[in-house]
Structures are given as C-alpha cells and as structure tokens.
Novice: 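Okay, handing you the structure first.
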Amino acid sequence: MRWITLTTLLSLGFATQVTAEAGGNAERGEDLFRQCAGCHQVGESAEHRIGPSLNGIFDRSAGVAEGFRYSNAMERTAAGGLVWTYESLDTFIENPRNLVSGTRMSFRGIANQQDRDDLLAYLRLFSASPANIPEAAPTAKGLDHDLDPEILSISGDPAYGEYLSNECTTCHLLSGNDNGIPSITNWPVEDFVIALHAYKNAKRLHPVMQMMAGRLSNEEIAALAAYFKGLDQ
Amino acid sequence: MKLNRRKFIGTTAAASALLAAPMAIGSGHGRAKVVVIGGGAGGATAARYIAKDSNGEIDVTLVEPTRTYYTCFFSNLYIGGFREIDSIAHSYGTLASEYGVNVVHDWAIGVDRDAKSVTLAGGSTLSYDKLILSPGIDFVDGAVPGWDLNSQNAMPHAYKAGSQTELLKAQIEAMPEGGTFAMVAPPNPFRCPPGPYERVSMVAHRLRDINPTAKIIVADPKEKFSKMALFQEGWADNYSGMIDWIGADFGGGNVEVDPHAMTVSIDGEVTSVDACNVIPAMKAGRIAELAGVTDGNWAPVNANDMSSKMDENVYVLGDATSQGDMPKSGFSANSQAKVCANSVRGALTGSSVFPARYSNTCWSLIDTDNGVKVGATYEATEEKIAKVDGFISATGESADLRAATYRESVGWYDGITADMFG
C-alpha cells in the first residue's frame, strides 16, 4: 500500500476513527508492518501465508480465520474466548508469547508503545468492514524472489523430506513451538521453498541456515517443503 | 507419507519388570532386536528414531544406568546461574510410553559379539541383531598426576553432568573472598571443544556477582582452543583481570594436583586453590573397550553409517568414536544417531537407506545475552566424515546479534532434547 491509498482512505473518513481510537500514525505503521509482512498479508486479495491474513482482525475472535491452521496453543487460547480488541492486539504484539505461550508466531514483539499504536492504526484501516479494504496489492515481502518458476513447481517427495528433516529437528521443534528458533511447521510450500533458496543463495543472512541450505538440492528443498507442510501437530 | 506413527505401540513393559526378569529379555518375539547402550544425545536419539520409524517391526531396548539424565550441554549455564539444574534434567518416560522403547536402567558390563548378546550388571542378558554403543566418555587413568576418580569430590571433573556439576558450583560459590579457582583443561580430543572455556566464562560470570576479587587460573596443555579469539575477547571485555589462561607455551601442560592439600602445581609453581575443576584426558566410554571395538582410546567407525570398523553388527555414536572431522558434541551425536538409525532400519526391515549427511553447531555463552557459535556440515567419504562447509561467530559482533545467538541456543536446547527424548 502506498501513501496515496492511505490518503484516499483518509478522505473516506477513516482517519478520525483511527486517530481517536489508537492515537497512532497509520503511515508510520505501514513502514512498521514490513517486519510482519514476511508472514502476514493485509489488503485486497491478501491470503493466508505463514500467518493468517490480517484483514478484519479487529473485533474478531482469535483463531477463526477460515482456512488457516492455527497452532494448538492459539486454538487453546481462542477456545478460552480471546477476542482481538485494541487492547488484546496491543498485548499480543508487545510479546506474542506473553499472551499465547507456544504460539507459532516467531516474533519477539514490539516493546515501544508508540510503535504498537502506529502499527495498530495501520491494521485498523483494514478492519472497518470488508467493503472498506483498500485497493492495494497485498504486502508480499515474504514472496519477493527471483526464483526460477521451474524450481518452484518441483513437486517434493514428503517421505524423502521426512528423512532430510532429521537435520532440521535438532533445532526446530516439530510441535511448532518456538523459543528462539523459529517454527517451520505447516508453512505454505511456496514460502518454504523461497525461504530455503534465499538462504542457499545467501540472500537471507543467518549463517547456520545458509550452511544447512547450501548443500540442499532443488529436489531436496521441495521434499522438505512438502514434508513440513503436511505435518500433523 | 506416514504421519503420527508415534503411538504404534501402546504399551511397553515397565523397566522394573524387565530388571526382575531372569531370562534373556526380548527373546522369542520374532521381531528384529536392537539394543542401544547409553541414553544421551546419541543413544536416546537412535532409540527414538528406530522405534518411531519402524512401525513396530523392531524391538528397541535402551540400556541407561540413570533414571534422570542431565545434559552436559547447558550444564555450564547452570554453573553460571542462567539455568536451574532441573531444567537440564530429562527422564525416559516418553521414550517408553509413546515410542515403545524398552528402557532398562542398568549398567552394561559386557558384550559377546559372537553370541550377539549384552550382559547387564543386574545379571540378565540382552540378545541383539544390531547393537548401538553410545557410551560417551571415560577418563584416561593417570592423565593428571595426583588426580584419580577417588579425588572427584575434592576436585570435581563435572564433565558428566549431574551431581558433579552441582558439587562444582557449590564449591565455587563457597570460595572465600578473593579466593582462587583453578581449571585443569584437557588435551585433544575431548568432549565439547568449547566446553571448558564456556565454563571459565560462566565461573567468571558467577564470581563477578558474588566474589568479584576472586581469581581464575586455567592450566591448559594446548596452545589454542575452540573459539579462542571469541572467548579471549569476551574475557577481556567482561571479566577483565579475573582470568589467567596458561597455555602449553607457558607450561600449562606440566600440571600436578594435590586434592588433599588443595594445591595445583603448574610448571613447577605451586598454588593454593579454593576450588579446582580437573578435566582429565578422555577416552571412549568403557563398554566400547569391553566390546572390543576400540583402537587406542576411541572406537573407529565407517563414515557412511557409523558402523564399527571391527563389527558390522555394532554401531558406535558420539563422543566415543573416532570418525574424522566432527567435534565430540551432543549435536554431533544426535546427527550421527539419525544416520545410524536410518541404516539400521534399512538393514533390519529393508526400508530406504538415504545417503549420510551430518551437521553440527555448538553455541557457547560468554556473558549475559552474549552468545557465540561455531558449526559445520559434513559428508561421508571413503576414509572419514569430512567437513564440507562451516562458519564461526566473529569478534566485535553487535550486542543484538550476540543476544539473538543466545536466544537461538535456548531454542536449540528445546529442539534437541525433544529430538532425543520425545
């Protein structure tokens, strides 16, 4: 989304509401959202990726986005009646695991209150009602890539992926729990393949992951993606 | 794809019942039998993976003397005050109840490779089709003059985690103000190459809090050690003036201790110490020697599947092996165990055997939120496990990166212990 679209929204009268409720700067929030965009999309045609689409998140019950597979931890918390209000979202974004211990959301949180206000002001723009979702491309940082479509289209063998996953599970928990090492369970195949190739090609910087991905073939990456996508929790 | 195969066996005989059984255990079932000796990073992982992936076709027995296993990795963090001892304690309950592993809490005291059987201290024998030895390390007799196992209460090694670690921590915390802690570091090769130096860091961290004028002396028979530049930078930055590391060049290998007088002699100079951690030279855990699969101090193995070079029906994992380039670490043992498990299943059930691939990463903590790491990938060649690629943390890294590295190590601990114990 660009500032122009935000301006359009402001002209439609959402700004008053946003400012009044949140005291946040939605424009700044859009910048802050970049750190979320690896996993979450928002906007028109936003889809569930590693995390659920965040359209209409305000005043929605937790854990109900259709077609998204939540962690057991999130489902448990949702069953306890969690609703995404400004306050609960604020608490969650401050430190996801304080609110939902065991969530697969691999995010340390945002300590700064103003940053959270700004981010929520931005997200609020996509929540007034479904009709008000602005016409903007979904955020797609996690999907930015120049990967050969042929590599992306390889169909992986999950049985081989299961064997290869032995190398992943020394650090990554199959349960999807995350405490310092991100969850890789139930990712969309495409995101998984793109991420591993980004490490393999040294576009993502983590040295352990660069080393691990460095010797995985295209077929092996596809196999791993297929295995982790199909995991039961 | 087969998912959720974990509960293929509903029950397993209780360990106590197994101990009471006078006859050979596991005989007469017709299922292939695997006996695993040693329930650490190698043995527990191998037992779990074989049981998990064999759909009940393989009868897996794990022999481990202790009911509560304390991981050596992260035991230094307990000494430093970053972990409680309970947080590094694990039981074998899940391996038994969810994976159907027969867990036998006893000592293996003999292996008859012709009869393919293992004798336990309790008197029973276990027959096997494939035997996996993952016994960890023992100490070389006489490696440090003046010290033997009878001295381990006065001068703990704390290199098998548990009561020894608790003892060492208590002794360090009881040092008089301005007292001296000495470590006698081991010669290569030894378990956990960064381990002694992470320990020095953790001791310094603890003493800086409770006894800031205390001194730390390290007598080291080596001229260099794992992550040396990182540790020395960290010691200078965080524990300035506390740590005196005496390497081989300055007589660090010429050491004698007196556990009664509590003195350490380094290159002829005798120093009184208030706490002393003696980490002697190491060799394969004794059962490997008793099984006749060692050559010198270690058990040589084939790089493609971790099978012993002495016996195709015996596999050896982890610290006890000589295999090539991998360090003796829990991560390595876990990695080797999964290659071994794949091969053992293939041999016994005809399941697919994939090419070996190994990896290792060792994290160390220098000070609060100051973690570093070193790691590599490995492949099997004709003569050894050979390094393919690797990395190491750099000196001068940002505080954010060091904090992230530490958090990562905490996540890894959860990951590997889940991979070992279910």
Side-chain angles (χ1 to χ4, degrees), chain A residues 95 97 101-102 104 106-109 155-186 199-200 202 205-217 219-220 223-233, chain B residues 1-6 41 45 49 52-53 330-335 337-339 341-342 345 351-355 357-361 363 371 373-379 388-394 400-401 403-420 422:
Chain A
N95 183 341
R97 258 162 268 134
S101 51
R104 277 206 307 272
S106 307
F107 184 57
R108 287 180 65 198
S155 173
D157 170 9
Y160 186 38
E162 182 175 15
Y163 171 71
L164 295 170
S165 77
N166 293 351
E167 280 205 313
C168 314
T169 54
T170 303
C171 297
H172 295 278
L173 285 162
L174 283 182
S175 65
N177 284 355
D178 150 43
N179 178 25
I181 301 259
S183 163
I184 54 172
T185 299
N186 289 332
Y199 287 119
K200 184 179 166 81
L205 296 179
H206 195 274
V208 177
M209 286 308 304
Q210 285 185 355
M211 181 182 80
M212 302 307 291
R215 63 168 170 174
L216 291 170
S217 69
E219 286 71 22
E220 286 169 338
L224 281 166
Y227 170 67
F228 279 103
K229 175 61 188 158
L231 270 184
D232 284 344
Q233 288 187 35
Chain B
M1 184 172 43
K2 294 157 187 163
L3 297 171
N4 271 347
R5 297 183 299 202
R6 298 161 55 135
T45 306
Y49 270 78
K52 169 171 85 75
D53 294 335
F331 198 125
S332 293
N334 170 270
S335 174
K338 290 183 271 197
V339 170
N342 184 249
R345 281 201 302 121
S351 63
S352 304
V353 177
F354 298 105
R357 44 202 306 144
Y358 302 98
S359 55
N360 175 65
T361 301
W363 286 266
K373 61 188 171 186
V374 60
T377 52
Y378 305 86
E379 65 185 5
V388 177
D389 187 18
F391 69 88
I392 183 166
S393 295
D400 282 352
L401 179 55
T405 301
Y406 171 61
R407 283 196 304 276
E408 193 177 279
S409 73
V410 173
W412 163 75
Y413 187 90
D414 292 348
I416 191 171
T417 50
D419 210 34
M420 290 162 63

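Each chain gets a letter, A, B and so on, in the order the sequences are listed, and its residues count up from 1.
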Novice: A:Cys171 versus B:Glu408: any side-chain heavy-atom pair under 4.5 Å?
Specialist: no
Novice: Measure across B:Asp414 and A:Leu173 and return the closest heavy-atom pair with its distance rounded to 0.1 Å.
Specialist: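 For B:Asp414 and A:Leu173, the tightest heavy-atom pair comes out as O-CD2, 3.4 Å.
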Novice: Should B:Lys338 and A:Glu167 count as side-chain neighbours, where that means a heavy-atom distance under 4.5 Å?
Specialist: no
Novice: Roughly how far, to the nearest 0.5 Å, is CG of B:Asp419 from CG of A:Leu174?
Specialist: 7.5 Å
Novice: Who wins among B:Tyr406, B:Phe354, B:Trp412 for the most heavy-atom pairs under 4.5 Å with chain A?
Specialist: B:Phe354
Novice: Between B:Asn342, B:Asp389, B:Asn334, B:Thr377, which residue shows the highest count of heavy-atom pairs closer than 4.5 Å to chain A?
Specialist: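 Result: the option with the highest number of such pairs is B:Thr377.
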Novice: Okay, side chain of A:Tyr163, backbone of B:Val353: is any donor-acceptor separation there less than 3.5 Å?
Specialist: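 Absent.
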Novice: Can you tell me which of A:His172, A:Met212, A:Arg108 forms the most heavy-atom pairs within a distance under 4.5 Å of chain B?
Specialist: A:Arg108
Novice: Look at B:Ser359, B:Gly375, B:Ser335, B:Ala41 and state which one has the largest set of heavy-atom pairs under 4.5 Å with chain A.
Specialist: B:Ser359
Novice: Would A:Glu162 and B:Asp53 count as a side-chain contact (heavy atoms from CB on, under 4.5 Å) here? Give the steps.
Specialist: CA-CA 10 Å; A:Glu162 182 175 15; B:Asp53 294 335; 4.1 Å; yes
Novice: Considering all heavy atoms of both residues, which atom of A:Asn166 and which atom of B:Tyr49 are nearest to each other, and what is their separation?
Specialist: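 Taking every non-hydrogen atom into account, OD1-CE2, 3.1 Å.
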Novice: Looking only at heavy atoms and a cut-off of under 4.5 Å, which of B:Ala418, B:Gly390, B:Ser409, B:Ala376 has the most pairs with chain A?
Specialist: B:Ala376
Novice: Would you check if B:Arg357 and A:Glu220 make a side-chain contact, meaning some heavy-atom pair closer than 4.5 Å?
Specialist: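 Sidechains of A:Glu220 and B:Arg357: in contact.
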